[in-house]
Structure formats: C-alpha cells, structure tokens
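Because the structure is a prediction, the values reported are computed rather than measured. Just so it is clear, the values below take in all heavy atoms, side chains as well, and ignore hydrogens, waters and symmetry mates.
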Number of protein chains: 2
Amino acid sequence: MGLVEIYQCLCDPTRLRILNLLLGGELCVCHLQEILDEPQVKVSKHLAYLRARGLVEARKQANWMIYRLPSRKPRELSANLACLQDCVREDPVFERDLRKRGSLEPSFAEGGPLCCAPTKAAQPARRGVRT
Amino acid sequence: MGLVEIYQCLCDPTRLRILNLLLGGELCVCHLQEILDEPQVKVSKHLAYLRARGLVEARKQANWMIYRLPSRKPRELSANLACLQDCVREDPVFERDLRKRGSLEPSFAEGGPLCCAPTKAAQPARRGVRT
DNA sequence: GAGGTATATACCTGTATAAGTATGTACTAT
DNA sequence: ATAGTACATACTTATACAGGTATATACCTC
C-alpha cells in the first residue's frame, strides 16, 4: 500500500464513511449496510476495493464477514486516518453515521448467533421501494 | 472544494509531487517541468486539474504562469497538506524534488526578465530523445 | 438436502481520467 | 510583422471505476 493507493481509497464518499465507521471498531457488512443505508452490492464492492489495497482486513464469523482497520498500519495510513477523523468531526453525515452506529449493538461481539436483528435483516434491502 | 475533491487531487503521483514542491513556495510551470522532468502538457494539465478544484492558485507574470497554494486554505486542505508533507518527508523522489528545487533560483521572484535559464529552456523539452 | 441468510462476483454501462499529439494563444524581442 | 518562448487546450485512446442487475458461493437451520 503506497500513499497514492491510500488517497485512491479516500476519494470516494462511501469509502470515507466506511473508514470513519471502522475507526470506531470492527463492523459486519450488514451493519455497514444498515448504517450507510446503501445497497449490499455497493457496500460489498467498496469493502473489496479497500481490502485489495490493504486499508481494511476481514475475518469470517459464522455467516458474517467482519471488517476492521488493519491492526498494524503503516505510518502514512495512520496519519491519513487521523487526518480524516479530524476533518469529518463536524460533518453532519459522518456524525450521523457514528450516532447510528452507537444505536446498534454489534451482537457478534458477544458471540451470539445473530448479527443483525432478523426483523430488520429480513427486509429486502431498502431499494427505493416508494410503493 | 470538498474533502473528496481534495483526495481526488491527491491520488496521482505527479500531483503529489507538485503540491509537495509548492509547499516550499510558488513556482512557474517551466520550473516545475524542469524539476519533475515531465513533459509540459502533463505538468500543465495536472496544474489545471488542481486549479479547477481550488488546490492551487495562479498568477501571470510576464511570460510565465506562477502557481502557488491558496493563501487562505480550508481547514481540511491545510490538514491534508500537512499530512502529506509529513508522509513524504523521507521519500527519495519527493526529497530529490525539493533538493532540485533548491538548486534552481526562481529569478522571477527577483523581478528579472527571465524565469528559466534560456540555455536549459531552449532544449526542446526532454522527450525520450534516445538519438 | 432444501431453503434461507450473508456476502461476493460477473457482467454491463456510463463517466472520469491519464497520457500523448497537435495546435492555439498570449506575450516578448527584434 | 516575424519569430520565439511559455503555457493551455482540443482531440484521441486506453484504462479505471462507480453503480446497477443478476447470479454464485458459503454457511446455517431444519
């Protein structure tokens, strides 16, 4: 991962939101989907993009893929993530993401069999239903 | 200029080198060309890219266009430029650029009629001559 | 093993962008 | 006026990428 690749990862708003969320700790795809309110494909592809460049790591737990920032980060990555966090501190979108994240309880951390609440996960992924 | 646009500007190596150089003060296109050892079109287009997004400003002096970082920068830009400067501090390419810059005397700053030395500028722009 | 859930991937389309060639424009000097 | 210098822009080509639809894969439950 070079500096340019880091910046390439940072130049998409969805990826910025994902990284901002992961700065608060690991999350599974369905929680990201839920918080970002974006379709699964979109979230999944951006995560793959980040992962291919080493900006995030993933592990599998039961049915879920749990993403997190790498434990050992090169200096440039740490610096840029800190900078990002500072830059978005007062941005309404990023703030709202963090609040929304706080209201979810990542039950996978407790070893429970369910990640997202089935009642919510059962919904066919918000896709401009507008009846 | 938003955060994403800033990162878009930062995700090209030539633009990173340009910004790193401008952190040391204003420069004209021919000096940038000289230091970066890149063809004029390339330098000019990257400068236009940066300028369109507000990352650099330009003024005309005699025959030369002199580029500089904006005097009043949004917080996100200042933060990211500082971060960039910190990240490239020990990179051989960026270091060499700065050394090369130091060896040039920006004579336009002294009000002289010539910017680049005519002996060098007269060369038909290094373009893989390989005889 | 049948069906459901969570996630990834293949494929398609439109758009952005990088780099090059050629040309245009603005200014200077003579 | 002519020619040269410094810079920008139009045009072209190749590539990356974002977003969508459809489908595949892996795992779990029963």
Side-chain angles (χ1 to χ4, degrees), chain A residues 4-5 7-18 27-34 36 38-53 56 58-67 106-108 112-128, chain B residues 4-5 7-18 27-34 36 38-53 56 58-67 106-108 112-128:
Chain A
V4 170
E5 276 165 309
Y7 287 128
Q8 280 172 345
C9 287
L10 295 176
C11 67
D12 176 273
T14 304
R15 288 198 289 267
L16 286 186
R17 292 174 70 195
I18 291 175
L27 279 172
C28 68
V29 180
C30 54
H31 275 149
L32 283 168
Q33 214 179 314
E34 175 84 12
L36 299 173
E38 295 281 2
Q40 183 259 327
V41 207
K42 185 168 174 179
V43 175
S44 195
K45 281 200 287 192
H46 281 300
L47 285 168
Y49 187 104
L50 291 169
R51 195 181 181 187
R53 286 155 185 81
V56 303
R59 71 186 158 90
K60 184 151 204 165
Q61 175 161 331
N63 237 349
W64 303 278
M65 283 296 278
I66 307 189
Y67 284 84
S107 48
F108 59 85
L114 281 176
C115 173
C116 297
T119 45
K120 303 228 66 166
Q123 291 173 12
R126 69 227 86 272
R127 238 203 237 154
Chain B
V4 171
E5 276 164 310
Y7 287 129
Q8 280 172 345
C9 286
L10 294 176
C11 68
D12 175 274
T14 304
R15 289 198 289 266
L16 286 186
R17 292 174 69 194
I18 290 175
L27 279 172
C28 68
V29 181
C30 54
H31 274 150
L32 284 168
Q33 211 179 316
E34 174 86 13
L36 300 173
E38 295 281 3
Q40 183 258 325
V41 206
K42 185 169 175 179
V43 175
S44 195
K45 281 200 288 192
H46 280 300
L47 286 169
Y49 188 104
L50 291 169
R51 195 181 179 187
R53 286 156 184 79
V56 304
R59 70 184 159 91
K60 184 151 203 164
Q61 176 160 331
N63 237 350
W64 302 278
M65 283 296 278
I66 308 190
Y67 283 84
S107 46
F108 59 85
L114 281 176
C115 173
C116 297
T119 45
K120 303 227 69 167
Q123 291 173 16
R126 67 220 89 274
R127 241 204 236 153

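Regarding Leu10(A), its CG atom lies at a distance of 12 Å from the P atom of dA18(D), rounded to whole Å. Protein atom CH2 of Trp64(B) is 13 Å distant from nucleotide atom P of dC27(C), rounded to whole Å. In this structure, Gln61(A) atom CD and dA26(D) atom C1' are separated by 15 Å, rounded to whole Å. Between the CZ atom of Arg59(B) and the C1' atom of dC7(D) there is a distance of 16 Å, rounded to whole Å. Following rounding to the nearest Å, Leu16(A) (CG) and dA18(D) (C1') show an atom-to-atom distance of 15 Å. Note: CE (Met65(A)) to C1' (dA26(D)) measures 11 Å, nearest angstrom. Atom CG in Leu27(A) sits roughly 15 Å away from atom P in dA6(C) (whole-Å rounding). In this structure, CD1 of Ile66(A) is placed 14 Å from C1' of dC27(D), rounded to the nearest angstrom.
Using a distance-only test at 3.5 Å, with no hydrogens or angles considered, a donor-acceptor pair links the side chain of Arg53(B) to the main chain of Tyr49(B).
Comparing Ala58(B) and Pro13(A) along DNA chain D, the residue whose closest nucleotide (by nearest heavy atom) sits nearer the 5' end is Ala58(B). Each of Thr14(A) and Lys60(A) was assigned the nucleotide of DNA chain D with the nearest heavy atom; the assignment lying further toward the 5' end belongs to Thr14(A).
The shortest distance between the side-chain N/O atoms of Tyr67(A) and the OP1/OP2 oxygens of dA8(C) is below 4.0 Å. Residue His46(A) places at least one side-chain N or O under 4.0 Å from the OP1 or OP2 atom of dG19(D).
Applying the salt bridge (Lys or Arg N to Asp or Glu O under 4.0 Å) rule to Lys60(B) yields no partners; only residues at least two apart in sequence or on another chain are considered. Under the side chain to side chain donor-acceptor pair (under 3.5 Å) criterion, Lys42(A) pairs with Glu38(A), sequence neighbours left out. By the side chain to side chain contact (heavy atoms under 4.5 Å, CB included) test, Ala52(A) pairs with no residue at all, sequence neighbours left out. In this view, Val4(B) and Pro13(A), Leu16(A), Gln8(B) satisfy the side chain to side chain contact (heavy atoms under 4.5 Å, CB included) rule, not counting sequence neighbours.
Looking at Gln40(A), its side chain comes within 3.5 Å of the base of dA8(C) through a donor and an acceptor atom. Judged by distance alone, with hydrogens and angles left aside, Asn63(A) brings a side-chain donor or acceptor within reach of the base of dT5(C), the pair sitting under 3.5 Å.
Note that CG of Asp12(B) and NE2 of His46(B) are 4.0 Å apart. Values are rounded to the nearest 0.5 Å. The distance from atom CD of Glu34(B) to atom CD of Gln40(B), rounded to the nearest 0.5 Å, is 13.5 Å. To the nearest 0.5 Å, atom CG of residue Leu32(B) and atom OG1 of residue Thr14(B) are 11.0 Å apart.
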Check the pair Arg51(B) / Met65(B) against side chain to side chain contact (heavy atoms under 4.5 Å, CB included), numbers first and verdict last.
CA-CA 12 Å; Arg51(B) 195 181 179 187; Met65(B) 283 296 278; 3.7 Å; yes

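Counting only heavy atoms from C-beta on, Ser44(B) has its side chain closest to dT9(D) among dT9(D), dT5(C), dA8(C).
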Just the atom pairs and distances: protein N or O near nucleotides 10-17 of chain D's N or O, under 3.5 Å.
from: dC17(D); atom 1: OP1; to: Tyr49(A); atom 2: OH; distance (Å): 3.2

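Comparing the local axis fitted to the first five base pairs of the helix from dG1(C)-dC30(D) to dT30(C)-dA1(D) with the one fitted to its last five gives a bend of 10°, rounded to 10°.
Between Val29(B) and Tyr67(B), the shortest heavy-atom distance links the atoms CG2-CE1, 3.6 Å.
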